Amino acid sequence: MSHNNQKKIAVLNDFSGFGRCSIAVALPILSVMKVQCCPLLTSIFSNHTGFSSYFFEDYTDRMIPYMEEWKKLDLRFCGICSGFLGSKEQIEIVKRFFREFKTEETQIIVDPVMGDYGKPYATYTPEMCNEMKKLVEFADILTPNLTEACVLTDTPYKDKWKIAEIEDMAKKIHEKGPKKIAVTGIVQGDFIANFCYEEGKESKILRTHKAGTQRSGTGDIFASIIAADAVNGVPFQKSVKKASNFIKKCIIRSTELDIPVTDGVCFEEVLGELKDN
């Protein structure tokens, strides 16, 4: 009896017990989109680092033995999705996972969680940023925000961008390997836009009206929808539009329920809309 009769995505990310981000977001979203989520933890948090205090346990030393058990089971994945990585060693382990588990059918989705608002996160030293540039070479699909696109292409960050400038960054990223790139979180007046670059197709900017304020976990929601759609054969631009529209609904509902910003978005309230969509 095979363990590979259902579509599966391996998700390499941290787990937060509260705050709606990373694996806690990916698992229900992939499931409702009829894809089995197989998490490989990089670390465990009681709640994410946006809170004033939290419990944390690093899982780096356990990642390879964990992977070895999956190899014994001959698990095969339609997709592999990586998120925040906390060290050079973790990036190396993820590269090893890509090499050992990728097949011709596997879609690799990398969410290069490195920074926001024009600055890399404190953990992302120049050495870490360089390591992430190497990881990006494995990706079929990449979902950087504007800050991360700048870091990956050594482009100075600024507040206002021309579409041609963003397209130029996407092309530079494409040269590193990814065939599909969604540059997210582009502010255009009253709109938030995502720039879609796809090898062999015309690039497109997809806009939605701003709703509420930015919250933790929305990038994880975006990457999870993109990953599930990729293995389900949904066209890339349609998938990006679906993900941004869903996140907007999540933010609106979270505002209605007066959910604290630290608590992420209450996607559970609208999760059913992803089913068969």
Side-chain angles (χ1 to χ4, degrees), residues 10-31 37-66 81-94 110-129 131-132 135 143-148 151 157 184-185 192 211-225 246-248 250-271:
V11 177
L12 287 60
N13 209 335
D14 60 77
F15 176 82
S16 292
F18 187 75
R20 295 188 185 90
C21 61
S22 51
I23 287 171
V25 165
L27 208 160
I29 287 177
L30 294 182
S31 298
C37 176
C38 298
L40 194 171
L41 278 62
T42 58
S43 53
I44 297 172
F45 291 86
S46 56
N47 41 277
H48 64 69
T49 58
F51 290 86
S52 58
S53 67
Y54 50 88
F55 167 83
F56 163 75
E57 183 175 4
D58 186 275
Y59 213 66
T60 305
D61 291 343
R62 301 166 178 83
M63 290 175 70
I64 290 177
Y66 191 115
C81 187
S82 70
F84 178 78
L85 301 171
S87 66
K88 178 181 178 180
E89 186 177 1
Q90 286 191 351
I91 293 176
E92 288 299 325
I93 293 170
V94 172
V110 173
D111 184 11
V113 186
M114 306 165 69
D116 210 349
Y117 303 110
K119 295 181 180 179
Y121 297 131
T123 54
Y124 265 79
T125 61
E127 181 188 34
M128 278 285 287
C129 291
E131 290 304 313
M132 181 57 76
L135 187 71
T143 60
N145 61 28
L146 261 178
T147 299
E148 291 152 356
V151 172
Y157 182 85
T184 66
I192 293 288
T213 130
Q214 185 171 335
R215 292 168 173 266
S216 65
T218 53
D220 298 304
I221 292 173
F222 187 91
S224 298
I225 293 172
F246 181 76
I247 289 168
K248 181 180 178 180
C250 293
I251 292 173
I252 290 171
R253 187 63 180 136
S254 299
T255 303
E256 291 171 349
L257 292 179
D258 199 23
I259 304 296
V261 172
T262 50
D263 298 6
V265 291
C266 53
F267 65 88
E268 303 90 348
E269 294 277 322
V270 292
L271 187 58

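In what follows, residues are counted from 1 in the order of the sequence shown. All values below were derived from every heavy atom in this structure, side-chain atoms included, with hydrogens, water molecules and symmetry-related copies excluded. Remember, it's a predicted structure, so these values are computed and weren't measured experimentally.
The two residues Ser16 and Ala24 have their closest heavy-atom pair at O-CB, 3.6 Å. A pairwise comparison of heavy atoms in Tyr124 and Val113 identifies CE1-O, 3.5 Å as the closest pair. Considering all non-hydrogen atoms of both residues, Ala223 and Thr143 come closest at CB-OG1, 4.2 Å. Closest non-hydrogen pair, Ser46 versus Phe55, comes out as OG-N, 2.8 Å.
For the side-chain contact (heavy atoms from CB on, under 4.5 Å) test, residues two or more places apart in sequence or in another chain that qualify with Tyr66 are Leu40, Tyr59, Trp70. Under the side-chain contact (heavy atoms from CB on, under 4.5 Å) criterion, Pro126 pairs with no residue, sequence neighbours left out. For Ser22, the side-chain hydrogen bond (donor to acceptor under 3.5 Å, both in side chains) criterion is met by Asp14, not counting sequence neighbours. Listed by chain and residue number, nothing satisfies the salt bridge (Lys or Arg N to Asp or Glu O under 4.0 Å) test with Glu89 (two or more places apart in sequence, or in another chain). Residues that satisfy the side-chain contact (heavy atoms from CB on, under 4.5 Å) test with Asp263, not counting sequence neighbours, are Phe18, Arg20, Phe51, Ile259, Pro260. Take Tyr117 and apply the side-chain contact (heavy atoms from CB on, under 4.5 Å) test, not counting sequence neighbours, and it matches Gln214. In this structure Lys119 satisfies the salt bridge (Lys or Arg N to Asp or Glu O under 4.0 Å) test with no other residue, sequence neighbours excluded. Residues passing the ring-ring contact (aromatic ring centres under 6.0 Å, His included) test with Phe56 are Phe45, sequence neighbours excluded. Listed by chain and residue number, nothing satisfies the side-chain hydrogen bond (donor to acceptor under 3.5 Å, both in side chains) test with Arg215 (two or more places apart in sequence, or in another chain). Every residue two or more places apart in sequence or in another chain was checked for a side-chain hydrogen bond (donor to acceptor under 3.5 Å, both in side chains) with Ser254, and none qualifies. Not a single side-chain hydrogen bond (donor to acceptor under 3.5 Å, both in side chains) links Thr147 to another residue, sequence neighbours left out.
Counting heavy atoms from C-beta outward, Ile247 and Val265 have side chains that stay 4.5 Å or more apart. Met128 has its side chain within reach of Ile91: a pair of non-hydrogen atoms, C-beta onward, lies under 4.5 Å apart. In this structure the side chain of Pro39 reaches within 4.5 angstrom of the side chain of Leu27, judged on heavy atoms. Between Phe84 and Thr123 the shortest side-chain heavy-atom distance falls below 4.5 Å.
Counting only distance, with no hydrogens or angles, the side chain of Asp111 and the backbone of Asp220 share no donor-acceptor pair below 3.5 Å. Checking side-chain atoms of Glu269 against main-chain N and O of Arg253 turns up no donor-acceptor pair under 3.5 Å. For the pair Glu148 (side chain) and Met114 (backbone), a donor-acceptor distance under 3.5 Å is present. Remark: the backbone N or O of Tyr54 is not paired with any side-chain donor or acceptor of His48 at under 3.5 angstrom.
The structure places OG of Ser224 at 5.0 Å from CG of Leu30, a figure rounded to the nearest 0.5 Å. Atoms CD and OG, from Gln90 and Ser82 in turn, are 11.0 Å apart once rounded to the nearest 0.5 Å. Atom CG in Leu41 sits 9.5 Å away from atom CG in Leu12 (nearest 0.5 Å). Rounding to the nearest 0.5 Å gives a distance of 14.0 Å between OG1 of Thr60 and NZ of Lys88. Atoms OG1 and CZ, on Thr42 and Arg62 in that order, are 12.0 Å from each other to the nearest 0.5 Å. In this structure, Leu271 CG and Cys266 SG are separated by 11.5 Å, a value rounded to the nearest 0.5 Å.
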- request: Check the pair Val110, Val94 against side chain to side chain contact (heavy atoms under 4.5 Å, CB included), reporting the backbone distance first and the verdict last.
  value: CA-CA 10 Å; Val110 173; Val94 172; over 6 Å; no
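A salt bridge (charged side-chain N to carboxylate O under 4.0 Å, His left out) check over residues 38-49, counting only residues at least two apart or in different chains, returns nothing.
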